[in-house]
Amino acid sequence: MSDPETLEQRHIFPFLSLPYEIRDEIYGLTLEYPDLGPLFERFEASVREAVEKQNDIKTPKCTIPAPRAPAMQTPGLLLVNRQIAVEAVKALHKKPFVLSRYAPFPGMLVRPMDITDFISEGTLRTMQFVVFRIDLFGHARGWYKTIEDLLDTWIEGNSLKGIEVWVNEEAKNGGKIYWEPRFEQSGLGTLSKIRNFAKAENIPLTGNMPEDRNIKKPE
């Protein structure tokens, strides 16, 4: 009669016996940086809901508890054992972190949130590739603050090997970007900050971000 422990061990796949190249491919297929956009939207929705509820009962807004960002979670794969965690993190660092929305900017009861309220500074400093999909006409001030917070973190230390920036096409007109006055300072500032940081850190900058000479005020 077989020992129960022996039978249980037979059902455990010997993952670490696979060649490292295959394990690396598996990590790449199972790990991604989080998509923060839906998380940001849910956070802002919770703020709006709190404000509306408080308005209904007509009590002072100062009594509304400040909403908090949800707790950060570690992928289960990184908790299996030390060797798998080290290998998986190495594979994750090869993946791009894609940001297509600015951090929550409720403008009601709470301060604009820092992106580091949702993703740790340690994670930001170890990522190697970043993709920004920026809609400056959607909320230029929100993007300005988010980029400023990210660059403040990366100036203290980063592992970046490439930054890719895609600016919304509808902002373009004949190859140039035309800013309405309310967008101008935040819009220009956001793009300039990214370009100056990439140049100072010698990080390749790709995408469709216009050169300074192709950005001008409306006539």
Side-chain angles (χ1 to χ4, degrees), residues 27-28 30-44 46-47 65-107 109-136 138-166 186 189-207 209:
Y27 299 138
T30 55
L31 286 175
E32 297 280 355
Y33 285 109
D35 180 1
L36 297 180
L39 186 62
F40 293 163
E41 290 173 2
R42 288 197 299 272
F43 180 88
E44 288 190 343
S46 70
V47 175
R68 296 182 179 180
M72 300 177 188
Q73 296 182 342
T74 301
L77 186 60
L78 303 183
L79 303 175
V80 177
N81 65 39
R82 183 177 181 81
Q83 180 177 346
I84 290 178
V86 170
E87 294 178 351
V89 167
K90 185 177 179 180
L92 178 62
H93 291 168
K94 301 175 187 176
K95 309 292 284 289
F97 170 61
V98 181
L99 190 64
S100 56
R101 193 187 186 283
Y102 54 89
F105 202 97
L109 302 175
V110 297
R111 61 174 175 79
M113 302 295 289
D114 296 337
I115 193 170
T116 51
D117 291 324
F118 298 86
I119 184 167
S120 71
E121 292 185 0
T123 298
L124 290 171
R125 287 181 178 140
T126 55
M127 56 183 56
Q128 298 179 7
F129 302 98
V130 178
V131 178
F132 295 125
R133 300 191 181 279
I134 303 178
D135 178 7
L136 289 174
H139 203 305
R141 288 181 60 207
W143 271 110
Y144 182 90
K145 184 180 187 310
T146 296
I147 294 299
E148 184 176 55
D149 291 340
L150 284 170
L151 299 187
D152 284 346
T153 298
W154 286 331
I155 286 173
E156 295 296 323
N158 70 81
S159 306
L160 292 171
K161 295 181 179 180
I163 299 175
E164 191 174 324
V165 180
W166 296 96
S186 297
T190 298
L191 301 181
S192 295
K193 278 180 174 292
I194 295 173
R195 183 179 292 108
N196 293 339
F197 170 77
K199 182 177 180 180
E201 297 286 323
N202 196 27
I203 300 170
L205 183 61
T206 58
M209 190 167 72

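None of these values were measured; they are calculated from a predicted model.
- For Tyr27, the ring-ring contact (aromatic ring centres under 6.0 Å, His included) partners two or more places apart in sequence, or in a different chain, are Phe15.
- Taking Glu201 as the reference, Asn158, Phe197, Ile203 meet the side chain to side chain contact (heavy atoms under 4.5 Å, CB included) condition, with sequence neighbours excluded.
- Here CG of Leu151 is found 9.5 Å from CG of Asn196. Values are rounded to the nearest 0.5 Å.
- Under the 4.5 Å side-chain criterion, counting only non-hydrogen atoms from C-beta, Val89 is not in contact with Thr126.
- When all heavy atoms are compared, the tightest approach of Ala91 to Gly28 is CB-N, 4.4 Å.
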Set out, in order, the CA-CA distance, both residues' side-chain angles and the distance that settles side chain to side chain contact (heavy atoms under 4.5 Å, CB included) for Ile115 and Phe40, then state yes or no. CA-CA 9 Å; Ile115 193 170; Phe40 293 163; 4.2 Å; yes
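- Counting heavy atoms from C-beta outward, Asp149 and Tyr102 have side chains that stay 4.5 Å or more apart.
- Between the CZ atom in Phe97 and the CG atom in Leu160 there is a gap of 11.0 Å [rounded to 0.5 Å].
- One distance of note links NZ of Lys161 with CD of Gln128; it measures 4.0 Å at 0.5 Å rounding.
- Expressed to the nearest 0.5 Å, how far CG of Leu99 lies from OG1 of Thr146 amounts to 7.0 Å.
- The side-chain heavy atoms of Phe118 and Pro104, taken from C-beta on, include a pair separated by under 4.5 Å.
- Residues passing the side chain to side chain contact (heavy atoms under 4.5 Å, CB included) test with Lys94, sequence neighbours excluded: Asp24.
- The line from CG of Leu150 to CZ of Phe132 is 5.0 Å long, rounded to the nearest 0.5 Å.
- Note that NZ of Lys193 is 7.0 Å distant from CG of Asp152, once rounded to the nearest 0.5 Å.
- Counting only heavy atoms from C-beta outward, the side chains of Leu92 and Met127 never approach each other to under 4.5 Å.
- With sequence neighbours left out, Arg42 forms a side chain to side chain contact (heavy atoms under 4.5 Å, CB included) with Pro38, Leu39.
- By the side chain to side chain contact (heavy atoms under 4.5 Å, CB included) test, Asn81 is found to be paired with Leu16, Gln83, Ile84, residues two or more places apart in sequence or in another chain being considered.
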Could you walk me through whether Leu36 and Arg101 pass the side chain to side chain contact (heavy atoms under 4.5 Å, CB included) test, one step at a time? CA-CA 8 Å; Leu36 297 180; Arg101 193 187 186 283; over 6 Å; no
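- Contact record, Leu78 with Ala85: O-CB, 3.4 Å, taken as the closest heavy-atom pair.
- Partner of Ser120 under the side chain to side chain donor-acceptor pair (under 3.5 Å) criterion, chosen from Asp117, Thr123, Thr116: Thr123.
- Scanning both residues, Arg133 and Val98, for their nearest heavy atoms gives NE-CG1, 4.1 Å.
- For Glu164, there are no salt bridge (charged side-chain N to carboxylate O under 4.0 Å, His left out) partners, not counting sequence neighbours.
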